[in-house]
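Written out below as structure tokens is the structure these notes cover.
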Amino acid sequence: MKRALGPALKILALRMPALAIPVLAIPTLLFSGAMQAADAPVVVTSIKPIHSLVSAIMQGVGEPELIVDGAASPHTYSMKPSNARALQEAKVVFWVGPNLEAFLEKPLEALGSNASVVELDKAPDLTRLPFREGGAFEPHDDADHDSASADDHDHDHDAAKPGHDDGHAHHDDHEEHDHGHGAFDTHLWLDPMNAKAMAAVITTTLVAADPANALTYQANAKALDDRLTALDKEIATTVAPVKDKPFVVFHDAYQYFEHRYGIRVAGSITVSPETIPGAERVSEIHRKVGELGATCVFAEPQFEPRLVKVVTEGTKAKSGVLDPEAATLKAGPDLYFTLMRGIADSMKACLSGA
């Protein structure tokens with residue numbers, strides 16, 4: 001004779017199949033997640049601002065690798081073994097170019113045809129500005145370009161219309177100057193219109209490398225483009241009250257930001273942060289700061305702040321910090337927007353009382 005199940009046992013028996021379902025499903029879910037991760041192409045980026053743009057376009061598909069992480073600078077970076085491994089596994093590599101990330105030139109040449117290497121400083125519709133020379137800016141070898149460079153810069157300030165897509169209207173003029181001079185300012189990302197131009201190339205490259213996820217890349221790119229348009233207008237509003245007040249920066253990294261928003265810069269302590277300026281150069285900047293009266297001198301988080309203290313000593317100048325390479329920011333899709341807002345907010349805060 002079979003004994004009847006008690007109420008508690010009946011309830012347990014009824015629940016057992018339901019309990020078994022999620023247990024059986026776990027391996028399937030794990031397997032599915034592994035397949036999705038395997039489907040994402042291995043993408044490597046050089047610096048944080050570029051990584052941010054690529055991350056925004058790859059959202060929902062995968063996350064790109066970053067070489068220059070933390071507070072490191074591309075101006076002084078040395079490759080790590082982990083960076084070399086990432087490059088060897090890459091299907092796509094995005095970098096600005098050899099004029100900024102010189103440490104990457106030989107490693108990328110060694111890759112051969114194993115990866116698609118995209119040099120973003122060659123993107124179509126990109127504004128490229130020549131290095132500034134003469135006056136308060138540290139001179140380059142070719143002094144004959146001093147007056148022409150100054151004239152071009154003033155002209156482009158008039159042409160730049162914050163919040164509109166015509167910030168690169170004089171692209172051809174810059175290209176001609178660039179070809180004649182042999183070099184251009186590589187901090188291209190500090191103009192949101194340049195970020196748009198680079199994002200377009202990034203999207204095209206990812207779609208070609210991974211057509212299965214083309215719709216996701218394209219949708220993300222459209223959303224990014226809309227955010228960049230809004231950011232451009234926001235920054236123009238933020239800096240408008242202080243754009244005519246002069247300031248000095250640690251190194252000449254902000255030309256694209258200045259050009260876009262019509263900001264007035266008096267000079268830089270050094271053109272290249274790898275090169276420590278001499279005593280004569282520091283004295284020249286100190287005199288310049290004194291002549292300007294109340295102004296700001298901006299340091300950068302990863303470079304020697306003592307020089308800024310020297311050039312402001314005995315003057316009415318205030319000091320601030322700008323972070324053009326996002327040394328203090330966490331990498332990710334929102335970093336670019338935090339970076340650009342940070343520069344605008346820091347300039348406004350320091351210059352408002354100048």
Side-chain angles (χ1 to χ4, degrees), residues 33 35-69 74 83 86-87 89-97 100-101 104 108 111 114-127 165 167-168 186-235 256 260 324-326 329-342:
M35 287 296 292
Q36 289 177 0
D39 288 341
V42 177
V43 178
V44 176
T45 60
S46 58
I47 59 173
K48 285 181 178 179
I50 302 305
H51 177 269
S52 181
L53 297 175
V54 177
S55 294
I57 296 169
M58 290 187 68
Q59 280 188 309
V61 177
E63 185 176 344
E65 299 281 343
L66 172 62
I67 293 179
V68 185
D69 201 356
N83 300 147
L87 289 176
E89 296 171 359
K91 186 173 183 179
V92 181
V93 179
F94 293 107
W95 66 322
V96 175
L100 180 70
E101 307 106 330
L104 268 178
L108 289 177
L111 289 179
N114 294 335
S116 175
V117 179
V118 181
E119 188 176 324
L120 291 172
D121 65 8
K122 295 181 177 178
D125 298 322
L126 198 68
T127 296
D165 285 351
H168 55 261
T186 55
H187 300 84
L188 300 153
W189 62 89
L190 293 180
D191 179 345
M193 298 303 105
N194 276 351
K196 285 189 173 205
M198 290 188 285
V201 173
I202 291 166
T203 304
T204 301
T205 303
L206 290 174
V207 167
D210 182 23
N213 289 303
L215 293 179
T216 301
Y217 295 137
Q218 290 163 348
N220 287 343
K222 175 61 169 64
L224 175 61
D225 192 80
D226 291 343
R227 289 185 70 192
L228 289 170
T229 297
L231 176 70
D232 183 46
K233 294 177 181 178
E234 177 188 331
I235 291 174
Y256 291 96
R260 182 67 189 166
E325 294 160 5
L329 302 180
K330 182 180 179 181
D334 293 325
L335 174 141
Y336 181 81
F337 297 87
T338 305
L339 162 67
M340 296 294 286
R341 289 187 179 111

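Bear in mind the structure is a predicted one, so any value in this text is a computation, not a measurement.
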Can you give me the closest heavy-atom contact between [X] and [Y], atom names plus distance?
X	Y	result
Asn220	Ala56	CB-O, 3.4 Å
Met58	Pro64	SD-CD, 4.0 Å
Ala208	Pro211	O-CD, 3.7 Å
Ala90	Ala115	O-CB, 3.3 Å
Ala331	Leu66	CB-CD2, 3.8 Å
Pro333	Gln59	CG-NE2, 3.4 Å

Please test Ile202 against Val118 for side-chain contact (heavy atoms from CB on, under 4.5 Å), starting from the C-alpha separation and ending with a verdict. CA-CA 8 Å; Ile202 291 166; Val118 181; over 6 Å; no
Evaluate the criterion side-chain contact (heavy atoms from CB on, under 4.5 Å) for residue pair Leu87 and Ile67; output intermediate values, then yes/no. CA-CA 9 Å; Leu87 289 176; Ile67 293 179; 4.0 Å; yes
Dump the intermediate steps for side-chain contact (heavy atoms from CB on, under 4.5 Å) on Leu335 and His51, then the final yes or no. CA-CA 9 Å; Leu335 174 141; His51 177 269; over 6 Å; no
Please report the interatomic distance [atom1]([X]) to [atom2]([Y]), rounded to the nearest 0.5 Å.
X	Y	atom1	atom2	result
Ser46	Leu100	OG	CG	7.0 Å
Leu190	Leu339	CG	CG	6.5 Å
Ile47	His187	CD1	NE2	8.0 Å
Asp121	Leu188	CG	CG	6.5 Å
Glu234	Leu228	CD	CG	11.5 Å
Asp191	Asp232	CG	CG	7.0 Å

Any donor-acceptor N/O pair, Thr45 side chain to Glu65 backbone, under 3.5 Å: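 Flag set: sc Thr45 to bb Glu65 pair under 3.5 Å.
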Spell out, as yes or no, whether a donor-acceptor pair under 3.5 Å connects the side chain of Glu325 to the backbone of Lys48.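 Such a contact is absent between Glu325 side chain and Lys48 backbone.
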[X] side chain near [Y] side chain, heavy-atom distance below 4.5 Å:
X	Y	value
Leu224	Tyr336	no
Leu231	Ile235	yes
Pro41	Val92	no
Lys196	Thr229	yes
Leu126	Leu120	no
Gln218	Ile57	no
Ile50	Trp95	no
Phe94	Thr205	yes

Full working for side-chain contact (heavy atoms from CB on, under 4.5 Å) between Arg260 and Asn194: CA-CA 10 Å; Arg260 182 67 189 166; Asn194 276 351; over 6 Å; no
Are the charged groups of Asp334 and Arg227 less than 4.0 angstrom apart, N to O?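 A salt bridge is present here (some side-chain N lies under 4.0 Å from a carboxylate O).
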